[in-house]
Amino acid sequence: MERITLHDKTFRIFIPHNEIQKSIEELAKKMNQDFNASEVPLFLSVLNGSFMFTSDLLKHLNFQCELSFIKVSSYSGVESTGELKHILGLSADINGRTVVLVEDIVDTGATIVELYKMLTEAGAARVVICTLLLKPDAYKKDIPVEYVAMKIPNDFIVGYGLDYDELGRQYKDIYVLDTPSNQK
Ligand code: IMP
Ligand code: MG
């Protein structure tokens, strides 16, 4: 599909499925080199947005790892509220562990800063950030984002797990808001 309509907005195709998959395979290759048998990291997937990314990424990892989920929310409509709601808390024991935080997208960074703090306080030995997408023009925080599959401009996107007010998560491609200012 070239265009989709969700609620009151129209989106056009931005990153096709095969490009997403290629970038994830590249990212997994890097992780496979960096992690080795001496540690079993805990992948902590941030719901809801990162469910598809987490699933596709883990299929390509060849070292032992554990997987758990956490649910937070900071977005309302097309803008970050800057305020994080913990909806489903941390259930895994992370004391002394390497935790790989798996995000769909890092925008202002408010979410990862908050989670980084929470995980460090809960005793994690090391917290590593891994994200499908990064908006470098929006991200101004100090925490290094070590694993990034793709960098994108400051536009609002949906699909492949990401939503616009809960719609659009199921698409296998990524779509961008179709406004006159970002039309090709
Ligand atoms: P941050 O806390 O501002 O970095 O925002 C992170 C969260 O906001 C992500 O995990 C997404 O759920 C959501 N988000 C940020 N940008 C977008 C977007 O372009 N489309 C959909 N959701 C987004
Ligand atoms: Mg999210």
Side-chain angles (χ1 to χ4, degrees), residues 1 3-17 19-20 23-24 27 43-57 67-90 99-120 127-184:
M1 263 181 296
R3 273 188 166 70
I4 55 170
T5 299
L6 305 169
H7 300 294
D8 56 337
K9 298 196 191 314
T10 304
F11 297 82
R12 67 177 156 77
I13 195 126
F14 184 47
I15 310 172
H17 187 68
E19 259 178 56
I20 300 171
S23 73
I24 294 174
L27 187 69
F43 280 72
L44 192 59
S45 173
V46 185
L47 294 172
N48 293 330
S50 55
F51 79 99
M52 274 200 198
F53 172 47
T54 303
S55 162
D56 285 340
L57 174 69
L67 172 65
S68 193
F69 295 91
I70 190 167
K71 186 167 176 175
V72 296
S73 169
S74 73
Y75 245 65
S76 176
V78 297
E79 264 174 86
S80 178
T81 61
E83 197 184 302
L84 204 67
K85 284 184 280 186
H86 289 237
I87 301 163
L88 180 76
L90 189 64
V99 178
V100 182
L101 202 57
V102 185
E103 261 286 22
D104 50 356
I105 185 163
V106 174
D107 182 3
T108 65
T111 308
I112 58 164
V113 165
E114 174 90 1
L115 289 175
Y116 188 95
K117 199 170 135 237
M118 185 194 89
L119 295 168
T120 310
V127 179
V128 182
I129 313 291
C130 167
T131 186
L132 174 71
L133 299 154
L134 172 71
K135 293 180 180 172
D137 297 335
Y139 185 68
K140 302 284 177 254
K141 312 281 189 200
D142 299 330
I143 295 172
V145 186
E146 224 155 308
Y147 296 100
V148 179
M150 293 176 288
K151 291 180 180 165
I152 59 164
N154 252 350
D155 297 320
F156 187 76
I157 54 145
V158 294
Y160 195 73
L162 291 111
D163 70 304
Y164 168 45
D165 274 348
E166 296 307 326
L167 293 185
R169 295 194 195 275
Q170 82 268 31
Y171 298 101
K172 66 184 197 313
D173 308 297
I174 291 174
Y175 292 81
V176 67
L177 191 60
D178 201 12
T179 60
S181 62
N182 67 15
Q183 258 162 16
K184 275 185 203 161

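Just follow the structure's listing: the first ligand is 1, and inside any ligand the first atom is 1.
- Within the listing of ligand 1, atoms 1 (P), 3 (O), 4 (O) sit less than 4.0 angstrom from a heavy atom of G109.
- In this structure, S50 contributes its side chain and V46 its backbone to a donor-acceptor pair below 3.5 Å.
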### Task
Given side chain to side chain donor-acceptor pair (under 3.5 Å), test Y116 with D142 step by step and report yes or no.
CA-CA 11 Å; Y116 188 95; D142 299 330; over 6 Å; no
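- Near E103, meaning under 4.0 Å from any of its heavy atoms, are these atoms of ligand 1: 10 (O).
- For atom 1 (P) of ligand 1, the nearest non-hydrogen atom from the set D104, L177, L134, T108 belongs to T108.
- The distance from atom CD1 of I15 to atom NZ of K172, rounded to the nearest 0.5 Å, is 14.0 Å.
- Residue V158 has no nitrogen or oxygen atom sitting less than 3.5 Å from a nitrogen or oxygen atom of ligand 1, judged on distance alone.
- Short contacts between ligand 1 and D155, defined as distances under 4.0 Å to a heavy atom of the residue, involve ligand atoms 19 (O).
- Between the CZ atom in F11 and the CD1 atom in I174 there is a gap of 12.5 Å [rounded to 0.5 Å].
- At least one heavy atom of K135 sits less than 4.0 Å from an atom of ligand 1.
- Looking only at distances, a side-chain donor or acceptor of S23 sits under 3.5 Å from a matching main-chain atom of I20.
- With rounding to the nearest 0.5 angstrom, the OH atom of Y139 is 8.0 Å from the CG atom of L134.
- Remark: the backbone N or O of L162 is not paired with any side-chain donor or acceptor of D104 at under 3.5 angstrom.
- The distance criterion of under 3.5 Å between nitrogen or oxygen atoms is not met by V106 with respect to ligand 1.
- Under 4.0 Å from ligand 1, heavy atoms of I157 appear from its side chain as well as its backbone.
- Contact annotation: for I112 versus ligand 1, there are no heavy atoms closer than 4.0 Å.
- No side-chain donor-acceptor contact under 3.5 Å links T10 to the backbone of D178.
- Per-residue contacts place I105 under 4.0 angstrom from the following atoms of ligand 1 (heavy atoms of the residue considered): 6 (C), 9 (C), 10 (O), 11 (C), 14 (N), 15 (C), 16 (N), 17 (C), 23 (C).
- In the vicinity of D163, heavy-atom distances shorter than 4.0 Å reach the ligand 1 atoms 21 (C).
- If you look at V46 next to ligand 1, there are no close heavy atoms at all, none under 4.0 Å.
- Of the candidates I152, L133, D107, N48, the one placing a heavy atom closest to atom 5 (O) of ligand 1 is D107.
- Interatomic distance, K9 NZ to Y164 OH, rounded to the nearest 0.5 Å: 4.0 Å.
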